[in-house]
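For reference, the structure discussed in these notes is given below.
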2 protein chains.
Amino acid sequence: MAKLDFSPIADTTRRAEIVALLRRAILTGQLEPGQKLNELRISEQMRVSRAPLREAMRELVQEGILTSIPYAGTFVVDVAAKDIVDAYSLNKVLDDFAIELAWPQRDQRFFDELDRRHDAVKHATRALDTTRQIETALQLHGLVYEWADNSVLLETWQRLTSRLQMYFALHQRARNEPVPAEDLHETYVALLKGKDMRAAQRHAREHIDNDFEALLAYARSLEKRASKGA
Amino acid sequence: MAKLDFSPIADTTRRAEIVALLRRAILTGQLEPGQKLNELRISEQMRVSRAPLREAMRELVQEGILTSIPYAGTFVVDVAAKDIVDAYSLNKVLDDFAIELAWPQRDQRFFDELDRRHDAVKHATRALDTTRQIETALQLHGLVYEWADNSVLLETWQRLTSRLQMYFALHQRARNEPVPAEDLHETYVALLKGKDMRAAQRHAREHIDNDFEALLAYARSLEKRASKGA
DNA sequence: TCTTGTTGGATTGTCGACAATCTGCTTGTC
DNA sequence: GACAAGCAGATTGTCGACAATCCAACAAGA
């Protein structure tokens, strides 16, 4: 018999597709923070009834990218500078842990996948596709989590990723400048292939700090604007 | 004007109440792992239509204590030994981080609340109310997370707590033995009041390891039973 | 006997309509 | 003009019914 791995077939429910559509819209910044989601309008646009739409929204509320106030509406979460600080400081701790767990598990498949994802980042960078660049960069960093073989950790990371992606997307849209042509992940990938785990962890922390500084500045500007508006 | 803090008024939607009811049933072990939730039956029992029930179930799926398979049903999550190991190893890392963040924030209110929650544990222990004992013990440990002033960390802890509570409840129900009369949290509370943060962190890790050993033994027995049944 | 197709019942997914609630405006009163 | 009461429109929450899907039992054929 031929050796062939079938992957699970596509999601068949409307609900799942709606979740994917909404998530994408939020994470790419098409839906802005604080914006209200009108159920009737969205359900008509998607040619779907409100039932599966509402169920999808409940999922995204629990995922942390929507918030719901009974009888008032469901909104895209507001991004405060504090949230970004919180997410990043936790991310540092988790990255440390993930690298530690994944380290002894590294194998040829890990290295191959590392290169594949790194290539994806480089490709998106060359294509000046910022949205895709953010997505692929996060997927690159997610590899150690997938290899850590800890389902709860992976799940936690995925939740965190949603927010980070949203923050990055907003940041990029706001600055609206060309993406950095140089490749910031070269060292990260090299260290993950190397023999010094501590060095890899240290680099990850610093790498995170770099991204973080730029994002935080943006977050602060957001808050200033908000307080002026109020 | 009198200084008075009003707490938010009760949840007004059926959905929220259903979520609370189901969560409680799952976390106390009234609904067993792997058990299927029949929508029609539950909605009739609760005298509620399926719409809010389904929305509530979506929330609990995202919360990680239910799993859903399209057109097949929604089930209470199965507990595998690996899951418990994963949850506990992550919990250790998070506890470390939480204590570190909360440490400089400790104030009189913190110490008062620490004592209050400790008393609650002791009370539940004396009353031989195992369910309540688990609940209060987790709330005691949650205090450092609340004081850490990191919303993402707190949220992560709360998700983790659901599972831990479920594991503990199942463990207790399975063993069905009287709860330990002695108080295991005395040292923990004392160290959190003291001056040596490292010592507190170390103790938390060891404390976790203790609970973990007992739980893991139970989890292994669960798996044995499952493989026999299959 | 094993495999394959069919069929009926049960359950989940989706829909359209109705009820409950909120919000902003208008109206009336002082 | 200021303020409270009440009304109208819009939106969310809930309901009951229908459609799509799955599963187990059974039948038919090799």
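Note that these values count all heavy atoms, side chains included, but never hydrogens, waters or copies made by symmetry. Here is how names work: the chains are called A, B, and so on, in the same order as the sequence lines, proteins then strands, and each is numbered from 1.
The stretch residues 49-63 of chain A comes close to DNA chain C through A:S49, A:R50, A:A51, A:P52, each having a heavy atom under 4.0 Å from the strand.
The backbone N or O of B:A102 lies less than 3.5 Å from no partner atom in the side chain of B:Y145, so there is not a single donor-acceptor pair. Under the 3.5 Å distance criterion, the side-chain polar atoms of A:R117 are matched with a main-chain donor or acceptor of A:Q139.
The CZ atom of A:R47 sits 12 Å away from the P atom of C:dC15 (whole-angstrom rounding). What separates OH of A:Y71 from C1' of D:dT12 is a distance of 7 Å, to the nearest Å. Distance A:I69 CD1 to C:dT21 P: 17 Å, rounded to the nearest Å. Atom-to-atom, CG of B:N38 to P of C:dT11 comes out at 5 Å; the value is rounded to the nearest Å. At whole-Å resolution of the value, CG in A:L40 and C1' in D:dT12 are 10 Å apart. Computed from coordinates, the A:R15 CZ to C:dT12 C1' distance equals 9 Å when rounded to whole Å. Separating the CD atom of A:E39 from the C1' atom of C:dT14 is a distance of 15 Å, rounded to the nearest angstrom.
B:L37 comes within 4.0 angstrom of the backbone, heavy atoms only, and of no base.
Considering only heavy atoms from C-beta on, B:L164 comes within 4.5 Å of B:Y88 through its side chain.
From A:W147, atom CH2 reaches atom CZ of A:R109 across 4.0 Å, with rounding to the nearest 0.5 Å.
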Evaluation steps, salt bridge (charged side-chain N to carboxylate O under 4.0 Å, His left out), between B:R132 and B:E135: CA-CA 5 Å; B:R132 184 104 191 92; B:E135 241 179 63; 2.9 Å; yes
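When the nucleotides C:dT12, D:dT12, C:dG13 are ranked by their closest atom to the side chain of B:K36, C:dT12 comes out on top.
One finds no side-chain N or O of B:R41 lying less than 4.0 angstrom from the OP1 or OP2 phosphate oxygen of C:dT11.
Remark: A:E44 does not engage A:R41 in a salt bridge, criterion side-chain N to carboxylate O under 4.0 Å.
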